[in-house]
Every structure is written in C-alpha cells, then in structure tokens.
Amino acid sequence: MSLDQSIPLSKDRLFIWLKTLSNQLSKGSLIIDANDENIPILHANHHFLKLTAFEDDQVINQNINILNGHRTNEKSIKELNSHLKSGIAKKFTILHYTKEGSAFWNSITLHPLRCEDNIIQYILLTCEDTTEAELNKMIYKLEHEVYEAIDNEDNLQSILNLISWKIELYYIRDVYCTIHLFDQHHEIKSLGSHTLPVHVVNELDLFTIAPNSCFNPIAVYLKDFGTAQQHAQLFKYCNLNFIRGSWTKPILTPQNEVIGILTLFNQDDADLKQIDINYLNRLALLIQLAVKYAEQKIELSRLAFYDVETNLPNLHYFKSELAEWIEAGESGFVAIIHPAEFNKVVDLYGRQAGAELLRQMADRMREYLPAGDELISRFSNSIILGKKAEADRFKYHHKHVEPLTLVPFIIDGKENYITLKIGYTTFDKALTVEQCIHQTDIALSKARNLSGTSFAMYEENSTKQLTEEMEIFNQLAYALHHEEFEVYLQPKINFTTIEVEGFEALSRWNSSKLGFISPVKYIPIAEQSGKIKDIDLLNFKKVLVWLQNRIDEGKKILPVALNISPDHFYDPNFLKNILDTFNKFNVPAKYIKLEVTESIELVDFAKAKEILARLKELGIECSIDDFGVGFSSLSYLPQLPFSEIKIDRSFVSSMNEPGMYAIVQTIIQLAKNIKMRPIAEGIETEEQLIMLQQLGCPAGQGYYFYKPMAIADAEQLLDT
C-alpha cells in the first residue's frame, strides 16, 4: 500500500482521518506520533491487537519496542527507531514477540504523513505476520549451505552438525537440535548436534520409534520435560538452559521407512502450532534428501578413477588432480575439446566407436602438445585438458591442437576426418574446480556456434546471464501453478478532466524463491518456453475476478486494458482461450481491452484481421501498443479494427526535440484520421502533458500521474 504523504488536513483532522483509515485496513496498523521523541503509539487497530495479543490500553503511549524480545536483532531495532524518528518511509522485516512471548516475523511498512503545512505529523505503521515466508527463506538458505557442504565432500557427521547448528540459529524459538540416524538394525549410526554435548544427549529420554512399531509418518511427537528435574543439575553443570519439552519428527525414506529422528528441545513452554509442524516437515524432508545425497557422494567417491570404455582417466580423477593444483597455488588453463562429429560416428559405428575416437584424440594430444604438466581425461563425449601454463598461453597451444585433425582417425577400419570445438578458461587459486569446468563448458557452447575447428574463451558475464535465465526458466512452471504472477494497474488519465478513465494491466512476478523479477527478464523467457500464454490468461482471469467483485459489490469500475503477447495472439487456441476465460464472468465486454504490438500485422495480416474482427463483434476493443517502434506498414493499419493507438514512451520522452515533436504530432493526427484514439505512454513531466494537450491528445499514462499499483491500491483510488 502506498499513501500520498501530503494530506491537505490540519493535524487534528489528519489524525481522525488516519484512525478511520487504520480501522478499515485488513492488516495490523499503528499511528505513531512523529513529533514526540519517544515516538509513542497513539492508535492501534483491531488487527494489530489480535496479532500481538496486547490490549489497547497496554499499547497506547508505548512505542514499538514493546514488541522486542531477546532474539530481536539490535541493529534492526536501532534502524527501525531511527526511521521512525526521522519520518522516512521504509519497509522492515524484524523478529517481534507477542504479549505472551511468542516470536513472529513482523513485516513492517512505515508511511510518514504530512498535514496541510507539509510537516510530518504522524507515521502510519502497517504490520503483517510473515513468519512462514521467512522460515521458508531460511529453509532455502539452509538447503543451499547443506548441499554446498556435501559437494565439498564434508562427511555425514559434519553435515548433521551443520544442520543442527543452522536450525538453532535460524529458528524463531530458543531450541536445541539433535539429529539421530539409524542403521538397518535401528541402532544409532550418526548423531548430529551443535550445542548439546553428546554425553548430555545420551542422558535425555528421547522419543524413539522402533522399526516395526505403529507410528504416524506425518506426526510430530511431543514430550514434556517440565517435571524432569533429574536433568536440571546436568544442564546447569554444562551451562545450558533447562529444556521444557521436545518435538520429535521421524525422518523417513520415500517408502516411509524410518531412517532417523529430528528432535527440537524447547527452552520455553511454547505450544506446537501449525507453522511449527510445517517447518519440521520441511526440515525432515531436507534431512532425508541431504542424507541420500551425501551417501550417494560417498558411494561415488569409491568408484575407480578411470573410464572403462576408453581407459582414460575419468572426470573424478581430473577434478581431484586439478583441485590439488589450485590448492598449491598453480595457474594455467582448462579446455574441453569436443569432436563435432562424435554423434555421427556413434550413429554409424556404435557407442564403442565414439569411445575409440576419444582414445585416439587423447593419444594425439600427448604427442602434439608441448611437454609439461598436463591432465587429459574423458569428459562425456569430449576430452578435458588441464595444463599448467601462463594465464595467456592457450593461444600458443592452438597451433598444437589444430594438427590433431589433419590426419584422419581410423574407426572400424575406415578413415574419418573431424573438426574440433574447443572452449577454455584460465584457472588460479581464486577459482574452484567446479567453476573452472563450468566456465569451460560455457565457452564450449560458444565455440559450437562457430564454423570449422573453433576456439572460444570464457567471458565473465556469461555465467551470470545463463544462471539467471535458467533460474527464471526453472521457476516459471512453479510460479504459474501457485499463481505467483500479480496484476498491477497503471491508471490512464483523461487530459480534459485530469481524472482516471481506465487502467492498463501489467504483469508482475514476485517469485517465492528468486524475489521480484523484472518483466523485461521473464517475459522473453516465457515467450521462448511457450508459457507466455498461460501468464496472459492468468493475468486476464485476475483482472476479471477484480472487476466481477466490484460489480457484485456495486462499486465503480473502469475499463482495463491487458497486454497480449504476439506469440499468444497467433496461437491456434487464442480466441478460445480468451472467450473461455471471459465467459466465466459477467463483466461487460466494454470494460475489457486487449493491447497488442504493431508487429502482429506483419506475421499474418489476414489472421490478425480475422481475430481482431471477431473480438470486436464480441464488444472487446483492441489497441496497438508501443506504436512507432516497430516496422508496420501504414497501408495495413486502417484495415485493422483497432480502437486505440498507444504512442510509445520513447517518443513522448523526447518531445522537446523538434523532430520528435513532429512525429508525435503526426501519430496523433494519423490516429484521428483513421478513427482511432491516440493514447500517450510514459508521461513523466508537466511539460510533456501540456505539449500533448496542445497537440490534441485526449489521454495518456505515466509516472507523472501514477506508477503501476497493486490492485488493493487501485481499489482505494477508485473508492476515494
């Protein structure tokens, strides 16, 4: 929620208005006196009191610090108080406590409000319990740390200790954590603990699960230690806080076989809540997967260092040796050398022929490369080469690699010529082995796009871009399934009345794993993956739901324009998808517009005309978005049943230039001549507004009026 910080009211009337607003909010809110150095609370709404379990008279004239507890971060406390005193808008997530002492993550937003004299009088502070979201973030962080430790070949015992430590560190409650893993005889084979010494753990009466006993695989088992004073002396001797009880969660295989237990020992009398159960379930699953992954790594480490098919060192050997080089401070280069015709050789002569090709390549490399320290190993369908050398010496070795292809390779008694694709990177003590191989692999992808025998060196920005794109791609399906995409609405303003006449619906994605992702990044990936139509339809549904709710409540509604991807527009099921979604609601067609870019007419003009005509028959108008930046033919434009032409922001932002001013003038006149309504985009200054009004442009949108806003804020805008 965003608020206009300047309200044309006196201080007293502003307070009355704020109380009314606060009491109508659907989340906890406080009104803070910005002019009192103690920043006291003047008003708390019902949701805040329910969230914190305080009574109204226990809150008034106190300050936000009444929610602090022993695990509340001191730095966060100081920063929050500093922003309250200075009246600076800010969003915080801070660990707070209810009156009964229950911890929760509090998402706080500060909204400073000014009176008619432009003086900050009050701060509206909104609160929301985001404990589950924060715990989920901690699970993701823990998962990353655990798998990183496993990849670094830490043993299983150290992995369990790490998990125990992080649980104690991250959890909102004061707990001690232990993890017991059992062998096939249900005897303890590994014990993970951070704070509790092993001899203390062994003294505790733990909840146990026998292999053949009946138990609920999704249950959490509780044990009360409140009266077990026999452990008090032990805890006092070890300088530990006494425990009140324990929560035990079975750790299971996918077949529901017990492989261990996770136990949290509570230092207070906190009740088990659903949020705790969810957290324990996710922790148990993480431990299950981590144990399985660690055991697989242990098993893999027992494998031989040589590839059976080629008798060459395998990748495991290569990594081990390269790691020793890097640890010793050596530098050099790593290259992946791939025979471009490998798959053809395998298709012609069989898989063993592919292995024979790699073996012959390795033999030639040993013959042609300059003598010195080198590693030559098999890497899938390629050879990976590591060599100690000057950081810039690989180009010198080009001349030694290229002769490998001058003489044919004898496969199945026949001569075969090949070309090589080579990607390489340099290494030193600043890189890990995995980073070296990853960078080399990326460089190889570049080399494969070049003709003939080709070389490509890794460039720094390649990894960041590929990683980001892959993460976005991987999260798209999850985001669609869980409807993470939201609709933001940017008001369109009538230039005559300077009032809102409609909205443009814009897609926004705040990923639960990746955070906020710009549409500039995820829309091209969605288009490439074919998921853009699902995003379009999800956004369309959310717009219709909003409009339908307002109609049902008898509230004012205005037309909403929705952007449609060209890829979706030409999908064979486009019209069916749109109509199936639209017909589920009782929203009049006049309140819906579809916006498409001007380039759609160049793909299939006849098809575009047919689709637009059908939509017009149904009463759904369409507009051309970003007009002027494409390459559309003006001869086609009058034949397409558009109702609006949206002037691209790049023209509006440069209207102070004579040439650009003339272009905008031409577009406005063109639109009027062909019975279409021009709409300006990207208006950011009063000067631009005045120029557009002088040119006869009837409406537009931009940051000068409003930024895109959440639906809740659009609700408030319409209702006020």
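- With Asn583 contributing its side chain and Leu579 its backbone, the two residues share a donor-acceptor pair below 3.5 Å.
- Side-chain contact check for Ile611 versus Leu615: some heavy-atom pair is nearer than 4.5 Å.
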CA sep, side-chain torsions, deciding dist, call: Thr93, Glu134, side chain to side chain contact (heavy atoms under 4.5 Å, CB included): CA-CA 9 Å; Thr93 299; Glu134 291 300 318; 3.5 Å; yes
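- With salt bridges taken as basic N to acidic carboxylate O contacts below 4.0 Å, one links Lys27 and Glu128.
- Of the inter-residue distances, the one linking Ile336 atom CD1 with Phe379 atom CZ reads 4.0 Å to the nearest 0.5 angstrom.
- The environment of Arg448 atom CZ is dense: over 12 non-hydrogen atoms of other residues, nucleotides or ligands sit within 6.0 angstrom.
- The pair Glu309-Arg378 counts as a salt bridge, with a side-chain nitrogen and a carboxylate oxygen less than 4.0 angstrom apart.
- When atom types are taken as modelled, the side chain of Gln688 and the backbone of Glu684 share a donor-acceptor pair closer than 3.5 angstrom.
- More than 12 heavy atoms of other residues, nucleotides or ligands lie within 6.0 Å of NZ in Lys672, so this atom counts as buried by the packing criterion.
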Leu514/Ile517 under side chain to side chain contact (heavy atoms under 4.5 Å, CB included): CA gap, chis, key distance, verdict: CA-CA 7 Å; Leu514 305 177; Ile517 304 171; 3.8 Å; yes
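- Using a distance-only test at 3.5 Å, with no hydrogens or angles considered, no donor-acceptor pair links the side chain of Ser654 to the main chain of Phe651.
- Closest heavy-atom contact between Glu681 and Asp648: OE1-CA, 3.9 Å.
- Between Tyr147 and Tyr293, the two ring planes are tilted [angle within 30° to 60°].
- Side-chain polar atoms of Glu484 and Ser512 form a donor-acceptor pair below 3.5 angstrom.
- The existence of a salt bridge linking Lys446 and Glu459 is confirmed by a sub-4.0 Å separation between a basic side-chain nitrogen and an acidic carboxylate oxygen.
- Counting only N and O atoms by type, the side chains of Asn278 and Gln274 include a donor and acceptor under 3.5 Å apart.
- In this structure, the side chains of Leu612 and Phe569 come closer than 4.5 Å at one or more pairs of heavy atoms.
- Residues Ile472 and Lys521 form a side-chain contact, since some pair of their non-hydrogen atoms from C-beta on lies under 4.5 Å apart.
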Evaluation steps, side chain to side chain contact (heavy atoms under 4.5 Å, CB included), between Ile592 and Leu544: CA-CA 9 Å; Ile592 296 297; Leu544 289 168; 3.8 Å; yes
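- Classification of Glu595 and Lys492 as a salt-bridged pair holds, one side-chain N sitting under 4.0 Å from a carboxylate O.
- Once rounded to the nearest 0.5 Å, the distance linking CD1 of Ile624 with CD1 of Ile645 reads 5.0 Å.
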Donor-acceptor pairs are to be reported for all side-chain atoms of residues 692-705 against protein atoms at under 3.5 Å, with residues two or more places apart or in another chain.
unit_1: Gln693; atom_1: NE2; unit_2: Phe495; atom_2: O; d: 3.0
unit_1: Gln701; atom_1: OE1; unit_2: Lys646; atom_2: NZ; d: 3.0
unit_1: Gln701; atom_1: NE2; unit_2: Gln490; atom_2: OE1; d: 3.2
unit_1: Gln701; atom_1: NE2; unit_2: Glu504; atom_2: OE1; d: 2.5

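- With rounding to the nearest 0.5 Å, the separation of CG in Leu537 from CG in Asn577 is 5.0 Å.
- For the pair Arg282 and Tyr140, the cation sits on the ring face: its NZ or CZ lies under 6.0 Å from the ring centre, inside 45° of the axis.
- Residues in residues 340-350 take part in no salt bridge (charged side-chain N to carboxylate O under 4.0 Å, His left out) pair, two or more places apart or across chains.
- Looking at Trp546 and Glu715, their side chains do bring a donor and an acceptor atom within 3.5 Å of each other.
- Ion pairing between a basic and an acidic side chain is recognised when a charged N comes within 4.0 Å of a carboxylate O; Glu644 and Lys593 show such pairing.
- In this structure, Asn586 and Ile551 approach most closely via the heavy-atom pair O-CD1, 4.2 Å.
- Under the 4.5 Å side-chain criterion, counting only non-hydrogen atoms from C-beta, Ser507 is not in contact with Asn563.
- Checking side-chain atoms of Lys137 against main-chain N and O of Lys513 turns up no donor-acceptor pair under 3.5 Å.
- Remark: Ile422 CD1 to Thr453 OG1 distance equals 7.0 Å, nearest 0.5 Å.
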Criterion side chain to side chain contact (heavy atoms under 4.5 Å, CB included) on Phe503 and Leu718, from CA distance to verdict: CA-CA 11 Å; Phe503 297 92; Leu718 284 179; 4.1 Å; yes
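- For the pair Thr419 and Gly452, the tightest heavy-atom approach, listed with the atom from each and the gap, is CB-C, 4.2 Å.
- Shown here for Leu420 and Pro339, the closest heavy-atom pair between the two residues is CD2-CA, 4.0 Å.
- Ion pairing between Asp567 and Lys533 fails under the 4.0 Å rule for side-chain N and carboxylate O.
- A distance-only check finds no donor-acceptor pair linking the side chain of Ser380 to the backbone of Ser382 [under 3.5 Å].
- Contact detail for Phe342 and Gly354: the closest heavy-atom pair is CE1-O, 3.3 Å.
- Remark: side-chain polar atoms of Asn494 are paired, donor with acceptor, to backbone N or O of Thr496 under 3.5 angstrom.
- In this structure, Thr109 contributes its side chain and Lys91 its backbone to no donor-acceptor pair below 3.5 Å.
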Test ring-ring contact (aromatic ring centres under 6.0 Å, His included) applied to Tyr522 and Phe485, step by step: CA-CA 11 Å; Tyr522 73 78; Phe485 293 95; 5.4 Å; yes
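- You'll find the side chain of Ile525 reaches within 4.5 Å of the side chain of Leu476, heavy atoms only.
- Between Phe574 and His568, the two ring planes are perpendicular [angle over 60°; tilted spans 30° to 60°].
- Salt-bridge annotation for Glu553 and Arg550: absent, with no side-chain N of the basic residue lying under 4.0 Å from a carboxylate O of the acidic one.
- Side-chain contact between Phe540 and Ile578 is present, with at least one heavy-atom pair separated by less than 4.5 Å.
- Within the 4.5 Å cutoff, side-chain heavy atoms of Asn416 are placed close to those of Tyr349.
- Partners of Glu483 according to the salt bridge (Lys or Arg N to Asp or Glu O under 4.0 Å) rule, which considers only residues two or more places apart in sequence or in another chain, are Lys541.
- No side-chain heavy atom of Asp713 sits under 4.5 Å from any side-chain heavy atom of Tyr488.
- In this structure, CD in Glu610 is found 12.5 Å from CG in Leu640, a value given to the nearest 0.5 Å.
- Lys421 and Leu450 get closest at one heavy-atom pair: NZ-O, 2.6 Å.
- Note that the CD1 atom of Ile564 and the CD1 atom of Ile535 stand 11.5 Å from one another [nearest 0.5 Å].
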